[in-house]
There are 2 protein chains.
Amino acid sequence: MAKGITRERIVAAALDLLNDKGMDALTVRALASRLGVGAPALYWHVRNKQELLDEMSTFVMRRVTDALSEIAPSAGWRDDVAAYGRVLRSEYLRHRDGARIFSGTRFSDPDVVKAKERWLERLTGAGFSLAEADDTLDLVTAFVVGFVIEEQERGQSGGGDPDRYSLAERDAWLGEGAELVKAAGHLRDDGDQRFERQLGVVLDGLAARLP
Amino acid sequence: MAKGITRERIVAAALDLLNDKGMDALTVRALASRLGVGAPALYWHVRNKQELLDEMSTFVMRRVTDALSEIAPSAGWRDDVAAYGRVLRSEYLRHRDGARIFSGTRFSDPDVVKAKERWLERLTGAGFSLAEADDTLDLVTAFVVGFVIEEQERGQSGGGDPDRYSLAERDAWLGEGAELVKAAGHLRDDGDQRFERQLGVVLDGLAARLP
DNA sequence: ACCTGAACACCGTTCAAGT
DNA sequence: ACCTGAACACCGTTCAAGT
């Protein structure tokens, strides 16, 4: 039943399965059964599991570039770069462990890479040299990836150690001699706010490079 | 022969194996045979594979904090934070896929977390509020993690597609309509230099938050 | 062209048994 | 206390065979 397996349906089901059960449970057999077929059936549409993972990455990155290209160029480079960072973060957040799994992966689709062109145009148009524009995108990407990896690790830490991040338990676990660490833990606010603040710092640094 | 397997020897051998053969080849059986014992022997010293991976993370992070505490406080916060970033990067670089594997992981040793205390002291002493100091360390950590993930992915891309990153092939693969992307690719310099430049941007942004 | 059934080599883990 | 041998359930992948 529900036949007509296609490459796209496989990728979509794989992303669903990843969100439901996590990376360890993303197995060829579980994926196949979710699609109502036997495991070997998938090998007709996909060379091997690695190719499936690559396809998933490409799908996610294509969503990123689609979302990015829907952003109308705004008043200045600062808002544009901020929007870039926010979109990248929110697309990573859609998928369990998205930043760790889908960052720094090679792309099997040239269009994904070519989407960078528009952003280099905007930034060089705003007064950045090409090298600076390239650095800018790299830097913001690196920050977002690192930020969301931490964020997702903390969020869905699931399973083994549920209240490692409960403040009281954490304070006790830290013991003596870490008063600032404890106090900082209690100050720690919402992920969105921390992201905006830290993104602001990066943008300030970039602004300092412009005439 | 060569008995006397201990927890530390297991972790060290696991890190060696990771560097030699990569994450996929880091299997309990391969690790055991490298230590001259059968696979079940490891389960006397370690509860399961996840605990082994946690122990590896803790080991790596302890090296980071050791390296960090050997840095004498310098003239100003800027050099201190720069040194923090450089040490974190170089320790990640010691291990294949180090940034992806060892970032954002939970720590099984309170001392590793407590090492943060010294850095919060330095930064608050330099005029940052506690919240700003916490943001500062988070931001630099996030940047380094994201940067090194990309760097290591590119570096040892090994296996399947060896010259995806050869410039000529890449230009051809990109096709038409991505002239800035191509030009930026040719401008791209050494990883150390890109790291220092981008770290400098982050530090400039942090400086803008100080009185 | 697309899928199944059976099989292969390998994996993490357990457990009785040895020393 | 520490390790082995044999076994279990599961994994990715292949391949002949079905339709």
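Everything quoted here is computed from the prediction, not taken from an experiment. Protein chains get the first letters and strands the later ones, always in sequence-line order, with residue 1 at the start of each.
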>> I want to check something: taking the side chain as every heavy atom from C-beta on, are A/Asp66 and A/Arg62 in contact at a cut-off of under 4.5 Å?
In response: yes
>> For A/Phe195 and A/Phe143, I'd like to know if the aromatic rings sit close, meaning centre-to-centre distance below 6.0 Å.
In response: yes
> Considering only D/dC3, D/dG12, C/dT14, which nucleotide approaches the side chain of B/Ala41 most closely?
Replying inline: D/dC3
> Of all the nucleotides listed (C/dG12, D/dC15, D/dG5), which has the minimum atom distance to the side chain of B/Pro40?
Replying inline: D/dG5
> For DNA chain D, whose closest nucleotide is more 5', that of A/Leu26 or that of B/Arg29?
Replying inline: B/Arg29
> Any side-chain heavy-atom pair from B/Asn19 and B/His95 closer than 4.5 angstrom?
Replying inline: yes
>> Looking at C/dA16, which nucleotide sits across from it as a Watson-Crick or G-U wobble partner, both distances under 3.5 angstrom, or is there none?
In response: D/dT4
>> So, does B/His45 get its side chain near the phosphate of D/dA1, meaning an N or O under 4.0 Å from OP1 or OP2?
In response: no
>> So, OP1 or OP2 of C/dC2: does either fall under 4.0 Å of a side-chain N or O from A/Trp44?
In response: yes
> Among the nucleotides D/dT4, C/dC11, D/dT13, which one has an atom lying closest to any side-chain atom of A/Asn48?
Replying inline: D/dT13
>> Any side-chain N or O of A/Thr27 below 4.0 angstrom from OP1/OP2 of D/dC10?
In response: no
> If you pin A/Gly38 and B/Ala25 to their nearest nucleotides in DNA chain C, which one's is more 5'?
Replying inline: A/Gly38
> Should C/dC11 form a Watson-Crick or G-U wobble pair with both distances under 3.5 Å, which nucleotide is its partner?
Replying inline: none
> When rounded to the nearest 0.5 angstrom, what distance separates CD in A/Glu179 from CG in B/Leu120?
Replying inline: 12.0 Å
